[in-house]
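Input: a single structure, listed below in structure tokens.
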Amino acid sequence: MRALLALTLMCSAALAQAAVQTREIPYQDADGNRLVGYYAYDDAIEGKRPGIVVVHEWWGLNDYAKRRARDLAALGYNALAIDMYGDGKQTEHPADAMAFMTAAMKDPKAAERRFDAGLELLKLQPNTNKHQLGAVGYCFGGKVALDAARRGEKLDGVVSFHAPLGTQTPARPGVVRADILVEHGAADTLVTAQQVEAFKAEMDAAKVNYQFVSIPGAKHGFSNPDSDRMGHGEHGGPDIAYNKAADESSWADMQAFFKKVFK
């Protein structure tokens with residue numbers, strides 16, 4: 001009886017310990033800027049597993065971006081929410097967010113180096129399979145992830161959620177390595193129909209393997225439950241809104257997409 005009780009307690013302890021683990025990891029980009037990554041993985045999984053970079057919205061490396069890293073870890077991936085602004089900066093004020101984003105994108109090459117630094121940090125984690133890598137991005141972060149695919153980063157798959165679709169560095173034939181999934185809100189007033197068509201034409205001309213999902217009734221920011229508050233709050237934010245159905249369907253699409261690219 002005592003042996004059975006001891007075994008039960010040991011099993012319970014093991015189950016309690018097997019969970020998504022997280023930690024902040026300070027790192028630098030090639031320009032010496034101090035960045036802060038948020039790393040998440042499931043310690044119940046043995047061996048290496050695919051790694052996915054998470055790129056935050058224009059609000060910065062906030063709780064939402066970190067939550068998405070944990071969500072991905074719970075699916076069995078190594079996830080790193082990277083820092084595109086430096087020092088883990090974040091805000092809920094649209095004017096500050098615009099200033100942060102403008103500064104980060106002022107030098108496109110510097111922005112590339114920040115993404116690259118995050119990707120390299122993810123590859124350094126002992127559980128990461130360096131030969132199976134992906135990226136997901138939200139709003140501003142979706143553009144960052146798409147641009148990484150456009151320039152030929154060694155990624156298997158890239159997923160953007162309610163991202164701006166324009167770019168200064170359009171995809172070219174033979175350059176893009178990643179498969180791409182775009183989850184777009186059909187009611188997004190921040191991305192024009194012309195930009196949508198231009199993006200599709202760009203992908204078709206470059207012969208990219210991509211999927212474009214237009215979700216009826218979904219606005220910009222549809223995946224973030226805080227969008228309602230931050231889009232219509234005291235600071236008079238942009239036209240964004242949470243959409244539970246769109247959030248769930250786009251997340252399901254992403255799961256199916258990564259299962260396919262990492263098969």
Is there a chain of hydrophobic side chains (I, L, V, M, F, W, Y, each step under 4.5 Å between heavy atoms) that links F161 to V196?
no

Would you say I25 and R23 make side-chain contact, with heavy atoms under 4.5 Å?
yes

Determine whether the side chains of Y27 and D83 contain a donor N or O and an acceptor N or O closer than 3.5 Å.
no

Beyond-backbone contact of L133 with I52, side-chain heavy atoms, under 4.5 angstrom
no

Distance-only, no hydrogens or angles: does the D71 side chain make a donor-acceptor pair with backbone N or O of A74 under 3.5 Å?
no

Above 12 or not: heavy atoms from other molecules or residues under 6.0 Å from CZ of R172?
no

ILVMFWY cluster, V208 and V261 together (side-chain gap under 4.5 Å)
no

Is any side-chain heavy atom of L61 closer than 4.5 Å to a side-chain heavy atom of K66?
yes

Determine, for E153 against R151, whether the closest basic-nitrogen to carboxylate-oxygen distance falls under 4.0 angstrom.
yes

Donor-acceptor pair, T91 side chain versus H93 backbone, under 3.5 Å?
yes

Would the distance check show the side chain of S160 and the main-chain N or O of A163 forming a donor-acceptor pair, the cut-off being under 3.5 Å?
no

Which pair of heavy atoms, one from V20 and one from A73, lies closest together, and at what distance?
CG1-CB, 3.9 Å

Side-chain donor/acceptor of D228 to backbone N/O of Y242, under 3.5 Å
yes

Heavy-atom closest contact (A178 atom, V158 atom, distance)
CB-CG2, 4.1 Å

Distance-minimising heavy-atom pair for T192 and Q195
N-OE1, 2.9 Å

Side chain to side chain contact (heavy atoms under 4.5 Å, CB included) between K263 and K259, worked out:
CA-CA 6 Å; K263 63 184 178 182; K259 282 182 180 178; over 6 Å; no

Are the side chains of M203 and R150 in contact, using a 4.5 Å heavy-atom criterion?
yes

Between A40 and T22, what is the shortest heavy-atom contact and its length?
CB-CG2, 3.9 Å

Give, for atom CG of D253 and atom CD of E248, the distance between the pair rounded to the nearest 0.5 Å.
12.0 Å

dist E202:CD -> T167:OG1 (nearest 0.5 Å) comes out at 6.5 Å

Ring centres under 6.0 Å, that's the criterion: do F262 and Y77 meet it?
yes

Check: E183 main-chain N/O paired with S250 side-chain donor or acceptor under 3.5 Å
no

Audit row: D179, F257, side chain to side chain contact (heavy atoms under 4.5 Å, CB included) steps and yes/no
CA-CA 9 Å; D179 289 354; F257 173 79; 3.8 Å; yes

Give the cluster check for I82 versus L146: same hydrophobic cluster or not, with ILVMFWY residues linked at side-chain heavy-atom distances below 4.5 Å.
yes

Less than 6.0 angstrom separating the ring centers of F212 and Y210, yes or no?
no

Find the distance between OH (Y41) and OG1 (T128) and round it off to the nearest 0.5 Å.
11.0 Å

Side chain to side chain contact (heavy atoms under 4.5 Å, CB included) between E197 and Q194, intermediate numbers included
CA-CA 5 Å; E197 292 310 309; Q194 291 80 5; 5.9 Å; no

Do you know which two heavy atoms are closest between H220 and D239, and how far apart they sit?
CB-O, 3.9 Å

Under 6.0 Å between ring centres: does that hold for Y85 and F140?
yes

Centroid separation under 6.0 Å, is that true for the rings of Y64 and H56?
no

The test is salt bridge (Lys or Arg N to Asp or Glu O under 4.0 Å); show your working for D87 and R34 and say whether it passes.
CA-CA 6 Å; D87 289 321; R34 181 183 181 277; 3.1 Å; yes

Looking at N62 and Q90, would you say the former's side chain and the latter's main chain have a donor-acceptor pair under 3.5 Å?
no

Side-chain donor-acceptor pair present, N78, N127, cut-off under 3.5 Å:
no

Is it the case that the side chain of S249 and the backbone of A246 share a donor-acceptor pair, with hydrogens and angles ignored and the cut-off at 3.5 Å?
yes

Apply salt bridge (Lys or Arg N to Asp or Glu O under 4.0 Å) to the pair K130 and D156, showing each step before the final yes or no.
CA-CA 11 Å; K130 296 186 288 187; D156 296 290; over 6 Å; no

If I take atom CG from residue N243 and atom OG from residue S223, how far apart are they, to the nearest 0.5 angstrom?
10.0 Å

Kindly indicate whether the side chain of K89, heavy atoms from C-beta on, has any atom under 4.5 Å from the side chain of W59.
no

Under 3.5 Å, side chain of E120 to main-chain N/O of A117, donor-acceptor pair present?
no

Note: R49 and D42 closest approach over all heavy atoms is NH1-O, 3.4 Å

4.5 Å side-chain heavy-atom contact, F258 and V136
yes

Would you mind telling me which of R67, R68, R70, E24 makes a side chain to side chain donor-acceptor pair (under 3.5 Å) with Y38?
R70

Step by step, would you call D226 with D63 a side chain to side chain contact (heavy atoms under 4.5 Å, CB included)?
CA-CA 10 Å; D226 289 329; D63 289 341; over 6 Å; no

Could you grab the distance from atom CG of L155 to atom CZ of R177, nearest 0.5 Å is fine?
9.0 Å

Taking the side chain as C-beta and beyond, is there a heavy-atom pair between L75 and M254 under 4.5 Å?
yes

Joint hydrophobic cluster, F199 plus V159, side-chain heavy atoms closer than 4.5 Å
no

Would you say Y39 and V36 are hydrophobically clustered, going by side-chain heavy atoms of ILVMFWY under 4.5 Å?
no

Salt bridge or not between R114 and D29? Use side-chain N to carboxylate O under 4.0 Å.
yes

For a salt bridge (Lys or Arg N to Asp or Glu O under 4.0 Å) check, start with the C-alpha distance between K143 and D147, then their side-chain angles and the critical distance, and finish with the verdict.
CA-CA 6 Å; K143 172 181 168 50; D147 281 348; 2.9 Å; yes

Measure the shortest side-chain to side-chain distance between Y138 and N224 over non-hydrogen atoms and say whether it is less than 4.5 angstrom.
no

Under 3.5 Å, is there a donor-acceptor pair between the side chain of Q125 and the main chain of L121?
yes

